[in-house]
Structure formats: structure tokens, C-alpha cells
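Comments concern the structure below.
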Amino acid sequence: MLDGIWRVVPASALAQLVVCCVVLLALVLFATTWLARTFGFNVEDEITIVFCGSKKSMATGVPMAQIIFSGGAAGLAILPLMVFHQIQLMVCAVMARRYAERDQPAAVEQRAPH
């Protein structure tokens, strides 16, 4: 970021990158959800599979990119990772809330005295 990547990458290329990252994340989330349900995993395991199946680590990706790509090229190399990671955080936050809301009525019914 110190190399001024945001001035180098045209807005149209950044928009295309965002679209590609959204499509890739959607495919991965759909595939992991479908596979978890197809194989009959319980809800807790499905949640684990869905969230862990899409995770890529910036903690390992950034140092590796700095080693592989010397100089200013590392910034451009990790740009897709940074964009994907931000989209992933936002989408997974929404998904986590939906999973929590979906399971909440069942938990309330179990606690209610009959």
C-alpha cells in the first residue's frame, strides 16, 4: 500500500477484481453449504465447514508474496487477496447473523417451560 497501488490500478480493473472476488466467494460458499448438507452434517458442523472452507490467511499470504515477489510487485500480487478478504469479512458477518437468528427460535423453545 505504501507503493501507491490505489493510484496504479484503474477503477475499472478494481471493479472487475471485486466482481471476480464476489463470484469466487459465492461459489465457494455455495459449494461448501451444498456439500455439508448433501453429506448430512448437523448444523454446527455445516457452519464450521462453510466458514472454514472459504478462509484464506493474509497472515501467511502476505509474507509469502513478499518473498516471491520482490520490490513493489508484492503489493499488486496481494491486491486480490486483500479485496477478497474484505468481501469475505462482510459476507461472513451477515451469514453469521443469519445462522444465529435461524437457530435462536429453537433455543428459546427449548428453554421455555411446558
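Looking only at side-chain heavy atoms (C-beta outward), M95 and V91 come within less than 4.5 Å of each other.
Note on I49: it does not cluster hydrophobically with F51, by side-chain heavy-atom contacts below 4.5 Å among ILVMFWY residues. In the hydrophobic cluster analysis, where Ile, Leu, Val, Met, Phe, Trp and Tyr join through side-chain heavy atoms closer than 4.5 angstrom, M90 is grouped apart from L17.
Note that SG of C92 and NE2 of H85 are 10.0 Å apart. Values are rounded to the nearest 0.5 Å. Atom SG of residue C52 and atom CD1 of residue I47 lie 11.0 Å apart, to the nearest 0.5 angstrom.
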Exercise answer: donor-acceptor pairs, residues 28-37 side-chain atoms, under 3.5 Å, sequence neighbours excluded:
residue: T32; atom: OG1; partner: V28; partner atom: O; Å: 2.9
residue: T32; atom: OG1; partner: L29; partner atom: O; Å: 3.1
residue: T33; atom: OG1; partner: L29; partner atom: O; Å: 2.8
residue: R37; atom: NE; partner: E46; partner atom: OE1; Å: 3.2
residue: R37; atom: NE; partner: E46; partner atom: OE2; Å: 3.1
residue: R37; atom: NH2; partner: E46; partner atom: OE2; Å: 3.0

Tell me which donor-acceptor pairs under 3.5 Å the side chains of residues 76-83 have, and how far apart each pair is, sequence neighbours excluded?
none

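Nearest approach of L25 to Q88, heavy atoms of both residues: CD2-CA, 3.6 Å.
For C20, there are no side chain to side chain contact (heavy atoms under 4.5 Å, CB included) partners two or more places apart in sequence or in a different chain.
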